[in-house]
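Inspection log for the structure reproduced underneath, given as structure tokens.
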Amino acid sequence: MLNLVLFGAPGSGKGTQSEKLIAEYGLHHISTGEVLRKHIKDGTELGKIADSYISKGQLIPDTLMIDILRHELEGIIGDSKGVIFDGFPRTVPQAHALDSMLAEMGHELHGVVGLEVPEDELKRRMIERGKQTGRADDNEETITNRLKVYHAQTEPLRAHYIGKKKYMQINGQGSVDDIFANIAKEIEKKTGTGREKQQ
Ligand code: ADP
């Protein structure tokens, strides 16, 4: 198995690069943002709770988020080539929870792909995405708050994973294909997993 976290600020390109990782490595994708947006769209109880946080650019509380992740993971971990975690973990307690969940299930995390993009470019991308897709949290006020929350609560995970020698630093600016080529190179270096072997 190849279990990877795709890490980066909002707007860093996690969703775009996930699609390429799925296609090239046959991995399963868990995007916590997508799971939450589906609940909101379906009008579930969880969706109502999630919406009250997401619309303000805040994180969903850890205990709730960890339960959601466990549920998603249980459905797929047995019969997949590996998992891309996109948008999880976003806090240090979530990172610890991911480690213990994977260990309980007899698996481990192999690496963390860190997409690094300057702040003005992140803002530009999210405003553009808001215009193109109408995504509710891609408005100027919520974007500013999401970036604040990212620096305060999520960015510390970078040092956490560097300390664990799991972090792969990737320049998230450039063409989608060039960024992906760098990701593939780093994955091969870190885990020995090449693109062809997985296809
Ligand atoms: P982005 O990375 O562009 O912010 P996501 O789709 O990953 O987009 O997340 C959208 C929102 O969903 C976040 O701003 C947050 O409110 C909520 N969310 C997603 N994942 C998590 C998580 N792991 N913990 C807490 N909240 C989360």
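In listed order, ligands and their atoms are each counted from 1. For reference, positions follow the sequence shown, starting with 1.
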Problem set entry | Side-chain (D62) to main-chain (P93) donor-acceptor, under 3.5 angstrom | no
For this session: For T44 and I40, indicate whether the former's side chain and the latter's backbone hold a donor-acceptor pair under 3.5 Å.
Result: no
Exercise. Hey, is the main chain of L46 close enough, under 3.5 Å, to the side chain of H39 for a donor-acceptor pair?
Worked result: no
Exercise. Step by step, would you call T142 with N139 a side chain to side chain donor-acceptor pair (under 3.5 Å)?
Worked result: CA-CA 6 Å; T142 312; N139 65 75; 3.0 Å; yes
For this session: Give the numbers and elements of all ligand 1 atoms closer than 4.0 Å to a heavy atom of R129.
Result: 3 (O)
Problem set entry | Contacting atoms of ligand 1, where contact means under 4.0 angstrom from a heavy atom of M65 | 21 (C), 22 (C), 23 (N), 24 (N), 25 (C)
Exercise. Does CD in E74 sit with more than 12 non-hydrogen atoms of other residues, nucleotides or ligands closer than 6.0 Å?
Worked result: yes
Seminar exercise, completed: ligand 1 atoms nearer than 4.0 angstrom to some heavy atom of L36 are 12 (O), 17 (C), 18 (N), 19 (C)
Problem set entry | Cation-pi geometry met for K20 and F180 (6.0 Å, 45°) | yes
For this session: Can you sort out which atoms of ligand 1 are near T32, meaning under 4.0 Å from one of its heavy atoms?
Result: 19 (C), 20 (N), 21 (C), 23 (N)
Exercise. Among protein heavy atoms, which lies nearest atom 6 (O) of ligand 1, and at what distance?
Worked result: R37 NH1, 2.8 Å
Seminar exercise, completed: Heavy-atom proximity to atom 5 (P) of ligand 1, picking from R90, R146, E34, points to R90
Exercise. Hey, which atoms in ligand 1 end up nearer than 4.0 Å to a heavy atom of Q94?
Worked result: 22 (C), 23 (N), 24 (N), 25 (C)
Seminar exercise, completed: Looking only at protein heavy atoms, what sits closest to atom 8 (O) of ligand 1 is R135 NH2, 2.9 Å
Problem set entry | From CA spacing to verdict: side chain to side chain donor-acceptor pair (under 3.5 Å), H29, S18 | CA-CA 7 Å; H29 182 216; S18 288; 3.2 Å; yes
Problem set entry | Closest protein heavy atom to atom 26 (N) of ligand 1, given as residue, atom name and distance to 0.1 Å | I60 N, 3.0 Å
Problem set entry | Electrostatic pair R124-D120, nearest N-O below 4.0 angstrom | no
Exercise. Nearest to atom 16 (O) of ligand 1, what protein heavy atom do you find, and at what distance?
Worked result: Q58 O, 2.6 Å
For this session: Run the numbers for me: atoms of ligand 1, each under 4.0 Å from some heavy atom of K14, listed by number.
Result: 2 (O)
